Amino acid sequence: MDIEDCRQEGLAFAEHWRFICSYDVGIGLNGFTKWCQQQGQPDKAKLIFIDTSHEYEHTKQEIAAWVPHLNERGILLFHDTNMGKGKFARMDGSISTGWDNQRGVIRAIEEYLGRQYDENSFFTDIAKDFLVIHYPHCNGLTVLKRLS
Ligand SMILES: C[S@@+](CC[C@H](N)C(=O)[O-])C[C@H]1O[C@@H](n2cnc3c(N)ncnc32)[C@H](O)[C@@H]1O
């Protein structure tokens, strides 16, 4: 799902993908369940990957809109949970420049889980019925796995 129509010809495994051109919060709050039914798909997802605006307010809205669509063992995956102050490191030691999102994504996760994290470190946690695993490199990847 993307607000831009970013479908591409010739993508690998294209037959397994369905693209929705939409504002993600809107369809999360209203429409996703019906869309799943129309597609003959389960209406609770095994995995939801969020990699959009990287902004705090929007990420909070995404969490509120999409957590209800996770199945009982589902995984919520967030990219860009460690954007630093506009510079980020990869595991091979290289460094690149990005932008400073004011900890937008990780702050929204912290608020949702009622925790505070050091996103520059690897960490694990159990909070609010989720196993939390964080990888700090490449702008940060945070995994929330629902514990049934
Ligand atoms: C960093 S890119 C990631 C794209 C994709 N995950 C990838 O790896 O190719 C962020 C994408 O989020 C989209 N985006 C931003 N805000 C959005 C929103 N509210 N709803 C849906 N898509 C959004 C942008 O159009 C952009 O294509």
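When a ligand or atom number is given, it counts from 1 through the structure's own listing order. Just so we're clear, the structure is a prediction, and the values are computed from it rather than from any experiment.
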Legend entry - side chain to side chain contact (heavy atoms under 4.5 Å, CB included) between D125 and H134, worked out: CA-CA 9 Å; D125 189 17; H134 175 76; over 6 Å; no

Can you tell me how the ring of [X] sits relative to the ring of [Y], calling it parallel under 30°, perpendicular over 60° and tilted otherwise?
X: Y117; Y: F123; answer: parallel
X: W35; Y: F32; answer: parallel
X: F49; Y: H79; answer: tilted

Inset, instruction - Heavy-atom cut-off of under 4.0 Å around ligand 1: list whichever protein residues fall inside it, by chain and number. - result: D2, I3, E4, S22, Y23, D24, D51, T52, S53, H54, H58

Legend entry - Centroid-centroid distance, F122 to H137, less than 6.0 Å: yes

Inset, instruction - Take atom NZ of K85 as the centre, draw a 6.0 Å sphere, and report whether it contains more than 12 heavy atoms from other residues, nucleotides or ligands. - result: no

